[in-house]
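Read the structure below first, then the notes.
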There are 2 protein chains.
Amino acid sequence: MATSRTEQRRQTERRILSAARRLFSERGYERTTIRAVATEAAADPGLVMRYFESKEALFSRVARIDMDAEPSIGGSPAEVADTLLASLRDKLAKEPEAALALLRSMLTHPEASREVHAYVSAQQRRMTDALPQDNAALRADLLGAVMLGTLLGRYLIRMETLQDAPPEEIAALLSPCFQALAGGAPGDFHDTAAEDHAPPR
Amino acid sequence: MATSRTEQRRQTERRILSAARRLFSERGYERTTIRAVATEAAADPGLVMRYFESKEALFSRVARIDMDAEPSIGGSPAEVADTLLASLRDKLAKEPEAALALLRSMLTHPEASREVHAYVSAQQRRMTDALPQDNAALRADLLGAVMLGTLLGRYLIRMETLQDAPPEEIAALLSPCFQALAGGAPGDFHDTAAEDHAPPR
DNA sequence: GTCTATAACGAGATAGAC
DNA sequence: GTCTATCTCGTTATAGAC
């Protein structure tokens, strides 16, 4: 019962954020209403506005990419492929709710679109620097596209098998794709957990 | 000038459909308003409703997948990979506006979601039958995911390089991925136009 | 007084009456 | 083929609880 006013407020704020995360990631930006968020959080619509200024602000608070959490990309093409694959496997293992909000909204909401675009551009640039080939930029884009498609298929489209497949199995099947796109040895079926080897061929 | 009433109506209907196709594919379902469609088609919002019953019905009229236009899938794993790759290359070459409407809305609109889901399920089933491996279903899902990601990256995200890359170059880079996922020889860099060869290994 | 809940406003949408 | 009633949205103003 020792819940001070400010403590109470903190909790309400947290409930709202949590509800917003859920709804934005489940329905996307336009189909998520402030009112629904408020109901879900057992709070008042007016409160949501008071705490978070606007729907737009609430969304960008929820859907923010932590660039620093992303792995740095570099090394040989095969290493780049491994790094990306490991990153994908992580995302497949833990279901990143905030990222899903972004993904689901990216096709219809301008800010989400900008954010995703900025993210892939940054990743793309780092990859392009690491991949020595002449068509490195295209390779980098395709790597991003494959990751995007995989995440989408699992969490948003909910493809029947992909939805429940163990991340390791997915990563294993994708490994030669990543290797080929990165320009390493295309047919190199090597264990994705091993990151300590020189590029073959 | 010999435009009868019914002919006039036909033209208006066509203008509305064309406008709807454009707007749905550019903005997605929720951000496309009947008013905007009407304005774009130089018609009255009420007319749009009169001709097409509802926004929902207009959308499903615009975004319908012609299943029969899709290639039949079968043969050896390598042939399946080639067929899919050729299909992807076609889509990369001609920018399918109706499909884009579906894609852009699939993450936020239930019916679009169902339609896409039904489509990938059908494709998935046909692929699964053709791929002999034990984990064929997962492979099929991943093939679908890669195609989805590539289309998304080119048309909707507009990744800088992928956006303007020639379809042949994209297909060439993707070829080993498709081969590996289909379970053919993973490193088999063969010309994608050649569909007359037995599965290696 | 500060924090919360209720009510209302204006914009914009769909859909049905005219 | 046009017009307008009704709904719901995001948001703001107002009244009440601690």
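First the proteins, then the strands, lettered A, B, ... as listed; each starts at 1.
Side-chain atoms of B:Gln123 do not come within 3.5 Å of backbone N or O of B:Gly144 as any donor-acceptor pair.
Within 4.0 Å of B:Tyr51, counting heavy atoms only, lie sugar-phosphate atoms of the nucleic acid but no base atom. At a threshold of 4.0 angstrom between heavy atoms, the contacts of A:Thr32 are confined to the sugar-phosphate backbone, with no base atom among them. Note on A:Ser54: only backbone sugar-phosphate atoms sit closer than 4.0 angstrom, heavy atoms only; bases stay farther off.
A cation-pi geometry, defined here as NZ or CZ lying under 6.0 Å from the six-membered ring centre and within 45° of its normal, holds between B:Arg9 and B:Tyr51.
A nucleotide of DNA chain C counts as in contact with chain A when one of its atoms lies under 4.0 Å from a heavy atom; the first and last such, 5' to 3', are C:dT4 to C:dA8.
A donor and an acceptor atom, one from each side chain of B:Glu56 and B:Tyr29, are located under 3.5 Å apart.
Legend: residues meeting ring-ring contact (aromatic ring centres under 6.0 Å, His included) with A:Tyr119, ordered by chain and number and at least two apart, are absent. With sequence neighbours excluded, no residue forms a side chain to side chain donor-acceptor pair (under 3.5 Å) with B:Ser113.
Look at CZ on A:Arg35: it is 6 Å from P on D:dC9, rounded to the nearest Å. Per the geometry, CD belonging to A:Glu30 stands 14 Å off C1' belonging to D:dG10, to the nearest Å. Computed from coordinates, the B:Arg31 CZ to D:dC9 P distance equals 16 Å when rounded to whole Å. Taking atom CG on A:Leu47 and atom P on D:dG10, their separation rounds to 16 Å, with Å as the unit.
When the options B:Arg35, B:Arg22, B:Arg15 are evaluated for a side chain to side chain donor-acceptor pair (under 3.5 Å) with B:Glu40, the one that passes is B:Arg22.
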